[in-house]
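The block underneath contains the structure these notes are about, expressed in C-alpha cells.
Below, chain A is the first sequence line, B the second, and so on; all start at residue 1. These figures come from a predicted structure and were not determined experimentally.
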Number of protein chains: 2
Amino acid sequence: MNLKELSRHLNLSQTTVSRALNGYPEVSEATRKRVQEAAHALNYRPNARAKGLATGRAHAIGHVIPVSNQHEMVNPVFGDFIAGAGSTYAQRGYEIVISLVDDSQEEEAYRNLRTRGSVDGIIMHGPRMDDPRIPLLTELGLPFVVHGRASDINMPYSWLDMNNARAIRRATDFLLDLNHRRIALINGLEHMDFAHRRREGYLAALTDRGVTPDPELMRGEEMTEIYGYRSARDMLATDDPPTAFVVSSMMTAIGVRRAIHEIGRVMGRDVSVITHDDDLSYLKNGENIPIFTATRSSVRQAGVLAAEMLLRLIDDPGQEPQHRLLEAELIIGTSTGPAPTR
Amino acid sequence: MNLKELSRHLNLSQTTVSRALNGYPEVSEATRKRVQEAAHALNYRPNARAKGLATGRAHAIGHVIPVSNQHEMVNPVFGDFIAGAGSTYAQRGYEIVISLVDDSQEEEAYRNLRTRGSVDGIIMHGPRMDDPRIPLLTELGLPFVVHGRASDINMPYSWLDMNNARAIRRATDFLLDLNHRRIALINGLEHMDFAHRRREGYLAALTDRGVTPDPELMRGEEMTEIYGYRSARDMLATDDPPTAFVVSSMMTAIGVRRAIHEIGRVMGRDVSVITHDDDLSYLKNGENIPIFTATRSSVRQAGVLAAEMLLRLIDDPGQEPQHRLLEAELIIGTSTGPAPTR
DNA sequence: ACCGCCACCCAAAGCGCTTTGGGAGAGTTT
DNA sequence: AAACTCTCCCAAAGCGCTTTGGGTGGCGGT
C-alpha cells in the first residue's frame with residue numbers, strides 16, 4: 001500500500017493525502033480524519049526512503065563506535081548509553097544507525113554517513129585527547145554531539161560529559177580523609193580523554209595533600225575484569241603495597257576485589273576500593289547497601305540527554321554548540337574504611 | 001556531488017556513469033576506469049536513499065532488541081553479538097539499524113521496519129518459548145534469522161542457536177561426577193527459550209542419576225550480579241545448602257562468588273560453581289587459568305555467523321530456512337572441586 | 001554493397017514521497 | 001454584481017538514483 005494507491009482509494013490527490021497525514025492546514029478536518037482512518041485501516045506507512053529522498057532528512061541518527069581491532073572490544077557502557085538514547089529517539093520517530101568502525105578507517109566512515117545521507121546527525125563516542133574526528137565532523141557540517149570531550153581541542157562543538165576530574169578527585173579525597181596515603185589508580189586507557197581527566201583529578205587530590213604520586217601505583221588499560229585483577233595482584237605483592245585503590249569501572253573493581261580476596265585480605269578493612277560506577281543495568285552496585293563505595297553517574301541517563309541535545313541541534317541548526325556537564329554522586333559502600341595502622 | 005554533476009563533468013550520461021560504477025559490462029574498461037577515477041577524485045558517493053528507492057534494497061539490517069521497561073535492561077550480550085555481526089555487515093556494505101522496542105509494541109516495530117522499507121532483513125533477539133514474532137515475521141515475508149530458537153513454534157524458520165540443553169547438561173554432569181548432589185541452578189528468566197532449555201538440560205542430568213530436583217534450588221531471573229549474589233546467599237543460608245551452583249552467566253556467577261566469599265567459604269573447595277560463559281570481550285574468564293569452570297560459547301562468533309546466514313538468505317530468497325547449532329566448549333577452571341564430605 | 005551483430009553509449013521512465021504553484025468554488029466586501 | 005478572500009483541493013515537478021528500451025557506429029560475413 002503506497003500513497004498513490006491510498007489516494008486513489010480515497011478519490012483524492014496524493015498531495016491532499018500527504019498533507020492530511022502530515023498535519024498541514026490546507027486540508028479540512030473532515031477529509032483529514034477520513035484519510036487518517038483509511039490509512040490506519042489499510043495499514044499504510046510511508047516509505048522511509050522515498051520520504052527521505054523528498055525531504056532530504058533521513059530521520060535517523062548515526063552512532064559510530066570505534067572498534068579497535070587490537071582489543072576486539074566493544075565498550076560495555078555502550079549498551080546502556082544506546083538504550084537511553086534510543087528511548088529519546090523512539091519518541092521522536094528517529095532510527096538508530098550503528099557503524100562499527102575500525103580505528104583506522106573512522107574518517108571514511110563519517111564521510112560516508114554524511115555523503116550517503118543516511119543520517120541527520122551523529123553521536124560520537126570515545127573521544128581521545130586530540131581527536132581528529134571533531135574537526136572532521138565540524139567540516140562535514142553534520143550536527144553532532146560528543147559523548148565526552150577532547151581536552152586538546154579548542155574549537156567549539158557540542159558535548160555532554162561527566163565531570164571525570166571532579167569525580168575522581170572526590171574519590172581520592174575520600175580515601176585521603178580516611179588516612180590512606182598509598183593510593184593506587186587503576187585507570188582506563190589514558191589516551192582516552194575521560195581517563196586522562198580522571199588521572200588529573202587523582203593527581204590533583206594527592207599533590208594538594210602533599211602526597212607524591214608513585215608511578216608504580218598508576219595504570220591505564222582497557223577496563224576489563226582481568227586487568228583489575230592483575231594490577232591489584234601485582235601491586236599488592238610489592239614491598240610497599242597500596243592500602244587503597246581508585247578504580248575506573250565496576251568491572252575492573254570486581255577484578256581488584258578478586259585479587260584482594262585471593263590473598264586473604266578483606267575489602268573495606270585491609271584494603272579499600274573506590275570505583276566509578278556507570279550504573280549499568282546488569283551490573284548494579286548492590287541494592288540498599290552498595291557493594292563498592294563509588295562515584296556514580298548513569299550512562300543511560302547520559303544517553304537520554306545526549307540524544308535530546310542532538311535532536312535540538314537538528315531541529316534548528318543555527319544554534320550555538322551546547323554543553324552539559326554531569327556531576328557524579330558519591331555513594332558510600334562497604335568497600336572503604338580507614339587506612340590500617342601498621 | 002551527485003550523479004548528475006559527475007556525469008556532466010565527465011561528458012557522459014548518468015546511465016553510463018552508474019553502470020561503470022556498479023560494474024555492469026555494457027561499458028568499456030577505459031571509460032570505467034575514467035569514471036572510477038573521477039568519482040574518487042571528486043569524492044562522489046551515491047546517495048543511499050535514492051539508491052534504495054531505485055533498487056528497492058535498503059542495504060541495511062534491522063536488529064530489534066526488546067527492552068522490557070520493567071527491567072530497564074539491555075542485555076550485556078548484545079554488544080558483543082552486534083560487534084560480531086557488524087564485522088560481517090561492514091565487509092558487505094550493510095548498515096545496522098537498531099530498534100529498541102518496548103515489549104508491548106514489538107509487533108508494530110517489525111511491521112514498521114517492513115513497510116517503511118528501512119531494512120532488507122532482520123535479526124531477532126531473545127526469542128521466548130512461544131514467540132509470536134516468528135509467525136509475524138514469516139507473514140511479513142522479510143528475511144530473518146533468530147538468534148536462539150522458540151521451542152513451541154514448529155513452523156520452519158532460520159535460526160542460529162547454542163546448544164543450551166547440552167551445555168548445561170554437561171555442566172551438571174560434571175558436578176555430579178564430582179559427587180555433588182545438592183546442585184543449584186541459577187538460571188535466566190525461564191520464559192526465555194534459552195533458559196528453558198538450560199533448565200531441561202539440568203533436570204535431565206539430575207534425573208538420569210536419580211537425583212530428585214529440588215525446587216528450592218532453582219531460580220530464574222534477569223541475569224544480574226545482584227541476582228546471583230542474593231540467590232546464593234539465601235540458598236547457602238538454609239539448613240540443607242547446595243554444594244554446587246550451575247549458573248547461567250558470568251555476571252551472575254560473580255555474584256554467586258561474592259556470596260560464597262562473604263560467608264568465608266572458598267569457591268572450588270567448599271562450594272563449586274560452574275557457569276555459562278558468553279566469552280564477552282570485557283569479561284574474559286581469566287587468562288591462562290580460567291577463573292570459573294564454564295561452558296563457553298562466543299556470542300561474538302554467533303553474531304558473525306548469524307549475519308552471514310541472513311545475508312545468504314537475502315541474496316537468494318528462494319532458499320530453505322537455515323539452521324546452525326553451536327556447541328559450547330567445557331572449560332575447566334578453579335571454581336569446581338569434589339563435593340565436600342560431611 | 002548490404003545485412004547483422006557487437007560494443008558502447010544515451011534519453012527517459014520510474015521508485016514513492018513532498019512541495020510548488022495554481023484553481024475552483026463558496027462566502028464576504030464594496 | 002463585481003472584486004476579493006478564504007478554504008480545499010489538485011497536477012506536476014523534483015529528490016538522486018537504476019534500468020528499460022533503444023540508438024549509433026564499426027566490423028565481419030556474404
*asked:* If you take any heavy atom closer than 4.0 Å to DNA chain D, which residues from residues 22-30 of chain A end up in contact?
replied: Glu26(A), Val27(A), Ser28(A)
*Scan Arg19(B) against the nucleic acid and name what it touches under 4.0 Å (heavy atoms): base, sugar-phosphate only, or nothing.*
base
_Sole residue of Phe78(B), Phe144(B), Phe194(B), Trp159(B) in ring-ring contact (aromatic ring centres under 6.0 Å, His included) with His125(B)_ = Phe78(B)
*asked:* So if I take the C1' atoms of five pairs at each end of the helix from dA1(C)-dT30(D) to dT30(C)-dA1(D) and get each local axis, what angle do the two axes make, rounded to 10 degrees?
replied: 60°
*Among residues 8-15 of chain B, which residues get a heavy atom nearer than 4.0 Å to DNA chain D?*
Gln14(B), Thr15(B)
*Interface limits on DNA chain C, where chain B has a heavy atom under 4.0 Å of a nucleotide atom*: dC8(C) to dG16(C)
*Is there a side-chain contact between Met124(A) and Leu137(A), using heavy atoms and a 4.5 Å cut-off?*
yes
*Using a strict 4.0 Å threshold on nitrogen-to-oxygen distance, state whether Arg128(A) and Asp193(A) make a salt bridge.*
no
_Under 3.5 Å side-chain donor-acceptor pair for Arg45(A) and Asn43(A)_ = yes
*Separation between OG of Ser18(A) and CG of Leu12(A), rounded to the nearest 0.5 Å*: 12.0 Å
*Test Lys51(B) against Arg49(A) for side chain to side chain contact (heavy atoms under 4.5 Å, CB included), laying out the working first.*
CA-CA 9 Å; Lys51(B) 191 164 188 159; Arg49(A) 285 189 301 264; over 6 Å; no
Could you go through residues 309-317 of chain B and list every donor-acceptor pair under 3.5 Å that involves a side-chain atom there, pairing it with any protein atom two or more places apart or in another chain?
from      : atom 1 : to        : atom 2 : distance (Å)
Arg312(B) : NE     : Gln322(B) : OE1    : 3.2
Arg312(B) : NH2    : Gln322(B) : OE1    : 2.9
Asp315(B) : OD1    : Arg92(B)  : NH2    : 3.2
Asp315(B) : OD2    : Arg92(B)  : NH2    : 2.9
Asp316(B) : OD1    : Gln319(B) : NE2    : 3.0
Asp316(B) : OD2    : Gln319(B) : NE2    : 3.1

_Quick check on contacts: within residues 31-38 of chain B, what sits under 4.0 Å from DNA chain C by heavy-atom distance?_
Thr31(B)
